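A short worksheet on the structure shown next.
Computed from a predicted structure; not experimentally measured. In what follows, chains carry the letters A, B, and so on, assigned in the order in which the sequence lines appear, proteins first and then strands, with residues in each chain numbered from 1.
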Number of protein chains: 2
Amino acid sequence: MPANNPAIDLDQVRRQCARCDLRELCLPAGLDSADVDRVDQMVADRTSLASGDTLYHAGSPFRALYVIKSGSLKTQAVSEGGELQILGFHLPGEIMGFDALAGERHQCSAEALEASSVCRLPYAELERISASVPGLQRQFMRLVSREMGDDHDHMAMMGRNQAISRLALFLHSMSKRQARLGRSADQLTLTMSRADLANYLGLVLETVSRLFGRLQEMGVIEVRRREVKILDREGLKSIGEC
Amino acid sequence: MPANNPAIDLDQVRRQCARCDLRELCLPAGLDSADVDRVDQMVADRTSLASGDTLYHAGSPFRALYVIKSGSLKTQAVSEGGELQILGFHLPGEIMGFDALAGERHQCSAEALEASSVCRLPYAELERISASVPGLQRQFMRLVSREMGDDHDHMAMMGRNQAISRLALFLHSMSKRQARLGRSADQLTLTMSRADLANYLGLVLETVSRLFGRLQEMGVIEVRRREVKILDREGLKSIGEC
DNA sequence: TGGGCTATTTGACCCGAATCAAAGCGGGTC
DNA sequence: GACCCGCTTTGATTCGGGTCAAATAGCCCA
């Protein structure tokens with residue numbers, strides 16, 4: 001964790017937001033440079049996670065929100081009966097931990113799907129600063145709302161009773177999110193397992209595997225394990241709508 | 001709409017929050033009486049809706065949030081392909097309209113399931129006041145977070161591949177929400193149609209109808225159209241977990 | 001390079017939920 | 001009361017996706 005290394009120049013740790021590629025998706029969006037610096041100073045540290053590491057556990061005390069700087073994570077909740085549900089896959093620029101704002105504890109767990117890094121934002125600080133920076137308050141709400149919109153998309157996906165529609169919608173939305181990050185919209189590298197994806201979509205993994213095959217036969221994608229190439233974006237979209 | 005009637009005493013319209021049964025669930029929760037009054041004054045009006053009336057449409061400009069004072073509403077989104085997904089059923093004390101905070105327009109539509117009334121909170125006012133009332137800011141975030149938690153429950157419900165689990169979980173959570181409002185937890189009056197409920201659960205209406213029958217045969221509930229009596233709460237819960 | 005492990009694919013079979021169809025029930029109006 | 005119309009229930013049938021089982025492909029590490 002570079003931020004904890006005393007040999008590192010503090011100025012190098014700070015002033016990172018201004019140079020971060022994600023600033024237009026993240027909290028600093030729309031702020032002037034003085035306010036961006038205030039956000040920057042609020043970032044407690046920038047932490048690295050290995051694949052499989054847990055960022056926070058359901059039930060652990062809530063202290064901070066996290067912005068993903070690189071990599072990807074999944075959030076999941078376990079019901080009283082022990083059933084696990086994956087709630088979302090999260091990409092750079094997204095904030096995690098909102099669901100804990102209600103109480104003092106996290107409601108779900110967050111786990112890295114690959115080597116990832118996050119910026120930690122102590123919530124007490126964020127509350128204090130956003131009271132005096134109206135633009136920050138607004139951008140914060142915008143991110144909360146974006147998160148809700150993503151959840152609604154997830155529900156709409158699970159509501160489809162054709163399994164192939166769910167997968168097509170997933171790939172389509174993944175592609176859009178990749179594009180938002182400035183990456184190729186047609187070449188996806190999925191970081192989650194078939195089992196994770198199946199759980200997310202409300203299916204079993206064998207079905208997901210078969211559906212990848214079907215979509216490939218139909219000529220809309222090309223799959224090799226976790227590498228997916230989108231060949232026919234419109235076709236994919238229309239399968240999602242059927 | 002009583003609030004628009006000049007013959008009504010303004011003081012009667014205001015100072016309602018302090019006397020409202022829902023104040024502990026709503027924005028005023030945890031505020032001192034001076035701050036409750038400020039919230040009260042922010043309420044633009046208290047509007048009545050008939051069953052089927054629309055509170056806001058997807059795409060319409062976002063100006064205000066709404067707290068449900070009585071009755072119930074559903075929110076629904078229509079995808080580009082024209083598929084409709086019901087996102088939630090909303091009871092008194094809940095705030096609606098959060099999903100619009102991201103942009104300038106509502107992302108989904110809200111429709112009354114029965115005669116209902118809501119308090120309208122102009123968002124500009126809310127933003128202004130919450131900057132100076134930290135407790136309000138915190139309670140607001142708590143409500144946002146509760147909404148997200150509800151969405152996560154919804155996903156966990158749709159993730160079950162046993163249809164009867166979904167219905168059982170729905171009834172169980174409905175019962176808890178009724179209890180939170182101080183109503184009987186065992187006697188539910190569903191305000192949504194079988195079609196709405198089926199869509200919400202990701203099933204078809206015939207299946208929902210049959211499952212009500214099955215749960216009744218199993219002795220865990222008693223159903224007569226939209227009246228549901230819970231006979232065996234634990235049994236219902238365990239069916240939800242299976 | 002080889003061994004062992006996990007992730008993924010593929011196959012055969014079956015069941016539960018979707019679909020299509022029709023009847024029953026209630027609430028409303030004339 | 002008689003009729004109509006929408007909501008709900010019930011029935012018969014079909015089919016998609018779940019389940020169980022096995023093979024294959026990668027990947028990590030010795």
Side-chain angles (χ1 to χ4, degrees), chain A residues 50-52 74 83-86 89 111 113-115 157-171 188-218 221-228 239-240 242, chain B residues 50-52 74 83-86 89 111 113-115 157-171 188-218 221-228 239-240 242:
Chain A
S51 177
K74 65 176 173 184
E83 297 290 318
L84 186 144
Q85 177 64 49
I86 292 183
F89 301 115
E111 190 182 314
L113 292 168
E114 63 185 313
M157 209 150 56
M158 292 182 101
R160 296 302 166 94
N161 46 18
Q162 293 295 317
I164 203 165
S165 297
R166 299 191 202 176
L167 183 58
L169 279 174
F170 168 77
L171 291 172
L188 306 181
T189 301
L190 303 178
T191 56
M192 72 293 295
S193 69
R194 294 283 188 265
D196 282 347
L197 183 49
N199 179 293
Y200 178 78
L201 296 174
L203 303 168
V204 295
L205 79 169
E206 296 94 325
T207 302
V208 171
S209 180
R210 273 184 253 270
L211 292 174
F212 270 118
R214 282 230 327 259
L215 287 175
Q216 183 162 250
E217 276 173 33
M218 293 164 90
I221 62 169
E222 211 173 273
V223 206
R224 245 183 65 96
R225 296 178 75 80
R226 296 188 181 183
E227 297 295 324
V228 178
I239 292 165
C242 149
Chain B
S51 177
K74 65 177 172 183
E83 296 290 317
L84 186 144
Q85 176 64 49
I86 292 184
F89 301 117
E111 189 182 316
L113 292 167
E114 63 186 313
M157 208 149 59
M158 292 182 104
R160 298 303 166 95
N161 47 18
Q162 293 294 319
I164 202 165
S165 296
R166 299 190 202 177
L167 183 58
L169 279 173
F170 168 77
L171 291 172
L188 307 180
T189 302
L190 303 177
T191 55
M192 72 292 295
S193 69
R194 293 284 187 265
D196 282 346
L197 183 48
N199 180 292
Y200 178 77
L201 296 173
L203 303 168
V204 296
L205 78 169
E206 295 96 325
T207 301
V208 170
S209 179
R210 273 183 252 270
L211 291 174
F212 270 118
R214 277 219 345 247
L215 287 175
Q216 182 162 252
E217 277 172 31
M218 294 163 89
I221 62 168
E222 212 172 273
V223 206
R224 245 185 64 95
R225 295 178 77 79
R226 296 189 180 182
E227 297 295 325
V228 178
I239 293 166
C242 149

Tell me which of Leu203(A) and Leu205(B) sits closer to the 5' end of DNA chain D, going by the nucleotide each one is nearest to.
Leu205(B)

Position toward the 5' end of DNA chain D (nearest nucleotide), Ala163(A) or Arg224(A)
Ala163(A)

Identify which nucleotide among dT8(C), dT10(D), dT19(D) has an atom closest to any side-chain atom of Glu206(A), counting heavy atoms from C-beta outward.
dT19(D)

Compare the minimum distances between each of dT8(C), dG17(D), dT8(D) and the side chain of Arg214(A), then state the nucleotide with the smallest one.
dG17(D)

Distance below 4.0 Å between Thr207(B) side-chain N/O and dA18(C) OP1 or OP2:
yes

Ignoring backbone atoms, establish whether Arg210(A) has a side-chain N or O less than 4.0 Å from OP1 or OP2 of dG18(D).
no

Using a 6.0 Å cut-off, check whether atom CZ of Arg214(A) has over 12 heavy atoms from anything other than its own residue.
no

Apply side-chain hydrogen bond (donor to acceptor under 3.5 Å, both in side chains) to the pair Ser51(A) and Glu114(A), showing each step before the final yes or no.
CA-CA 4 Å; Ser51(A) 177; Glu114(A) 63 185 313; over 6 Å; no

What distance separates Met218(B) CE from Ile239(B) CD1, expressed to the nearest 0.5 Å?
3.5 Å

Kindly indicate whether the side chain of Leu211(A), heavy atoms from C-beta on, has any atom under 4.5 Å from the side chain of Leu203(A).
yes

With side chains defined as the heavy atoms from C-beta onward, is the minimum distance between Val208(A) and Phe170(A) less than 4.5 Å?
no

Report the distance from atom [atom1] of [X] to atom [atom2] of [N], rounded to the nearest whole Å.
X         : N       : atom1 : atom2 : value
Gln162(B) : dC15(C) : CD    : C1'   : 10 Å
Phe212(B) : dT8(D)  : CZ    : C1'   : 11 Å
Leu211(A) : dT8(C)  : CG    : P     : 15 Å
Leu197(A) : dT9(C)  : CG    : C1'   : 15 Å
Arg194(B) : dT10(D) : CZ    : P     : 11 Å
Gln216(B) : dT10(D) : CD    : C1'   : 14 Å
Ile164(A) : dC15(D) : CD1   : P     : 17 Å
Arg166(B) : dA18(C) : CZ    : C1'   : 12 Å

With no angle test and no hydrogens, is the base of dT6(C) tied to the side chain of Arg225(A) by a donor-acceptor pair under 3.5 Å?
no

For a quick check of understanding: with a heavy-atom distance under 4.0 Å over all strands, which category does Ser193(B) fall into, base, sugar-phosphate or nothing?
sugar-phosphate

Comparing nearest nucleotides in DNA chain C, the 5'-proximal residue of the pair Asn161(A), Val208(A) is Val208(A)

